[in-house]
Every structure is written in structure tokens, then in C-alpha cells.
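Beneath this line is the structure, given in C-alpha cells, with notes to follow.
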Amino acid sequence: MRVSLAQVKYRTADFAYNYNSIVSVAETVDTDLLIFPQVGLEDIGGKDMVYDERCNAEQSDLYKKLAEKHFPFAILVGDVLIKDGEISLSVDGFYEVCGEKVFVADFYNDEVECDLYVLAKNRYFTMNSYEEFVNSIQSKTKFVYVSAIGIADCDVYAGGSFAKNACGVPVLLMPMCEKLTQNVDFENTVNFEAPVMEQQVLDVTTFALKEYCACTGLKKVVLGLSGGIDSALTAALAVKAIGADKVLGVLMPSMFSSEGSVTDSLELAQNLGIETVKEPITPLFDAFMKDRERLHDLAEENLQARLRALILMFYSNREGRLLLSTGNKSESSMGFGTLYGDLAGGFNMICDLTKTNVYKLSNYINKDGEIIPQAIINKAPSAELHPNQKDQDRLPEYAVLDDIIEMYVEQNLPQEEIYKKYDKSLVDETIKKIYRMQFKRHQGCLGVRLTERSFCKGVDMPVVQRYY
């Protein structure tokens, strides 16, 4: 039996788009069994749309329209078999195709006896999991895994479909975030080597922004360029995703901004080829504070951040641009951001990257030549809301902070385990802040999930609690 694997793009509840994604492939292949990813509402981010009767009717019509095409081969769309103009949904997962026993499921069970095992599940991307997942399949029969590419709010279905022979050896490996259809040759073994993690994250985050813009109809973005690493990385990712001509960087220096915050931002913009505008916030700040006492307190710091948000939202509204927020996971954990200020935005590409990973990805982007100016990478992180401010004035060193965040939030380790590595008072204070800053994260914008336990999804902390 000739088997073909179609890694296609789906969009949530876009039934016409999904139908065309399937048909455009099916009309070009010569095979016996063509396997597509799941396309059901619940499988591609439909959430409560699964209770919408009209959506369910259109979902059923999609399968009917596919059956009406009478393709000269069998088609599996997830666990739905379309063959000879008929639609079949097996109760036990078994189908017969070309005299062979095909088993379809959304999990792997090595005790199932069949000729071909099809694992059909749109698996959302998380860092450091793909290689482990591929290696975990020790197939005893011919095996294929198929996943769509697409976004479901914060989740990114990145593809990475693959096939193995009955000895558990890979025979086909598909790239991430690419539409591709390939015939499966179970006699042709291949070497498995997952892309480096930075390349995976680069592919996934840029794919996510591109898809978000395509699905929402937004064609341009805007972000503030502070001269810091987070906005620099976000700008570089945005350019790779949608092109330099669609990215606007806004420089908004204040009386506390260093000269480098402007010059480094301009150098970054020149390297990326993006347009910039300069909108100093000092006149706005001075006008507001004219008849008010200057206390140099948190209220004045937050006022600066919110004035910047006003300017960015003006450009967003006036020019129809998506505002990109630029906060990272370390800052989000500690509440190091201003509500309705630098937390304002419609989409965040780096919200699930700790500061340590922000630097890793930035250096990776620069591996073939300087795109993000080295001066930005080298400088000490600062919000520049008061003279000589540095992040480490209020936060532990990022290497330590990020390790605690990863252990507690991402790995879900008990505090006693973290005490073995770090001072108890530091660990307790960090965890207390993570809980107490949930009210800010609750109001944050949509972002790209990159870990199993992301603040976007997977971590669900109460805002109102008295334990921490």
C-alpha cells in the first residue's frame, strides 16, 4: 500500500480554507492512502465553538464535500476515513485499506496489532520536547504521525510529522511550520537530528505572528524601541515574520533615557531596514506634572510607561497596526511591567521566554552577522524610569531568577527541591511575587506559548488568595 503524508495548514473554524487545504493536496497526489491531520473543531482550537450548532453543521459538511470529490484513493482526515465517496468513523479505530489493517488514534499504544499505526494529533509546540517525543515512539509496526501547522490562540501547531518502520527507525521527517506532502517509503531510513532549540523557537514565534496577522486581517505592526534586548529581539522576529516594510519602531526617550537607548535603537532599525519615528515623552510628562509635586516615586515611573502606551496605541489605531508587547517571562513572573503601560499590546512573541532565553535567541539570530547590535546585548537591562536604574536593583541576577522560575513554574518542582540549590528566603520571595503578580498577567495580551506550563496556558494561579 502506497502511503502519503500531508502536513497542511488549518485555521480555526475557517471551513472553506481547511477544505481547500485538503483538496489542493488531494488533487495532486498519486497514492493509495493519503493521511491528513485532524480537522475537527475541538482539534484546531475551537474551544466552546464545539457547542455551536452551525459550526458543527459546517464541520460535517466539510467531510461530505470531500466525499463528493470521489478521489481514486482512500483519505484519512484525522480518524475519519473517506473512501469511495463514503465517510466512515470507526468505533475501535480500525480500518481496512487495500487489504491492510490501519489503526488510527490520538495516542500511541505499542500493543495494538495492525499493519499501519496512524497517530493523528495536532500537537502544540513546546521547547525541548520534540526530540523526546520522536524517540518515545518505538514502533513495532509501520507508523506515521501527522500534525497540522497553524495557531490556536497561544498554542502553535508546528507540524514536525514523521514516519517510522516496524523496527522503530525513522523513514520520514517533516520540517516544522512548513506545508508539505510526501510519500512514505518505509524502506528508506533517515537520520534523525532535531533542529537546535533556538531555530525551533525562531521558526515557531515568527510563524505564529505571520498566522495571527493572516487570520485577523492585520498587515502591519508597531512596537516601542527602547534600546533594550526585549524590544530588539521582538523587532527582529517581526521582520522575519512579516517583512521590514510592515514594521514600525517608535522611539520614545524620556529625561532618564541614556543616549544609547536612541542610538542603539536607530542602529537596530537600520540593520533591520524598518521605519522609525521619534516621539519624546518628556514634554507630555512635564505638562502633566506641571502643577503636581515631584516625588520621583512609582506613580511617576508608571506615568512614563503609560504615556508611551498612549503614543503606541495612537499609531496602532491611526495606521491599523497590531501593537506588539515586548515583556518576557522573567519580567512577567515578577510583575516587572506597568499595567496599561509597557504591558499594553495585542500580541507578544517572547512572553514565554525567560530573559536568559531572550539572550540565547538574540545571539542565535546574530550567528551569521550582527543584526541586533552587540551594544544592546551587552548593556545591563534597564527600564530607564529613574536615573541609573538597572533591573538588578529590584530583581535577582537573571541567571538565578530564571532558574528558579523554570524549576517552579515550568518543571513544577516542590519548593523543598529548589531550596537544595538556592537560599530559602530568595526562593520564597520569588514564589510569593509570582503569585502576587497574577493580577497583571490576568490582563496581559495574547502571546506565543513555548513551554508546557506557560502563563499563557498551563499555569492557572488565583488572583485572590491569602497563602502567598
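Because the structure is a prediction, the values reported are computed rather than measured.
Taking the six-membered ring for Trp and the full ring otherwise, F143 and F162 have centroids separated by under 6.0 Å. Ring centers of Y145 and F133: under 6.0 Å apart, within the cut-off.
For the residue pair Y124 / E452, a side-chain donor-acceptor distance below 3.5 Å is found, with atom types taken as modelled. At a cut-off of 3.5 Å, with distance as the only test, a side-chain donor of Q443 or Y340 sits close to an acceptor on the other residue. In summary, the side chains of D43 and N122 do not present any donor paired with an acceptor at a separation below 3.5 Å, with no hydrogens or angles considered.
Applying the 6.0 Å contact sphere to CD of Q411 captures more than 12 heavy atoms from other residues, nucleotides or ligands. A 6.0 Å sphere centred on NZ of K210 holds no more than 12 heavy atoms belonging to other residues, nucleotides or ligands.
Here K360 does not pair with E198 in a salt bridge; the nearest charged N to carboxylate O distance is not below 4.0 Å. Contact check on K379 versus D264 returns a salt bridge, with a Lys/Arg side-chain nitrogen under 4.0 Å from an Asp/Glu carboxylate oxygen. Contact check on D155 versus R449 returns a salt bridge, with a Lys/Arg side-chain nitrogen under 4.0 Å from an Asp/Glu carboxylate oxygen.
The ring-ring contact (aromatic ring centres under 6.0 Å, His included) pairs that include a residue from residues 424-455 are Y435-Y468, where partners are two or more places apart or lie in different chains.
Relative to the ring axis of Y364, K367 places its NZ or CZ within 45° and under 6.0 Å from the centre.
Using a 4.5 Å cut-off on side-chain heavy atoms (C-beta onward), Y212 and L322 make contact.
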**OP:** Show your working on side chain to side chain contact (heavy atoms under 4.5 Å, CB included) between L307 and I311 and close with a plain yes or no.
**Re:** CA-CA 6 Å; L307 288 172; I311 294 169; 5.6 Å; no
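A distance of 8.0 Å separates CG of L395 from CD of E331, quoted to the nearest 0.5 Å.
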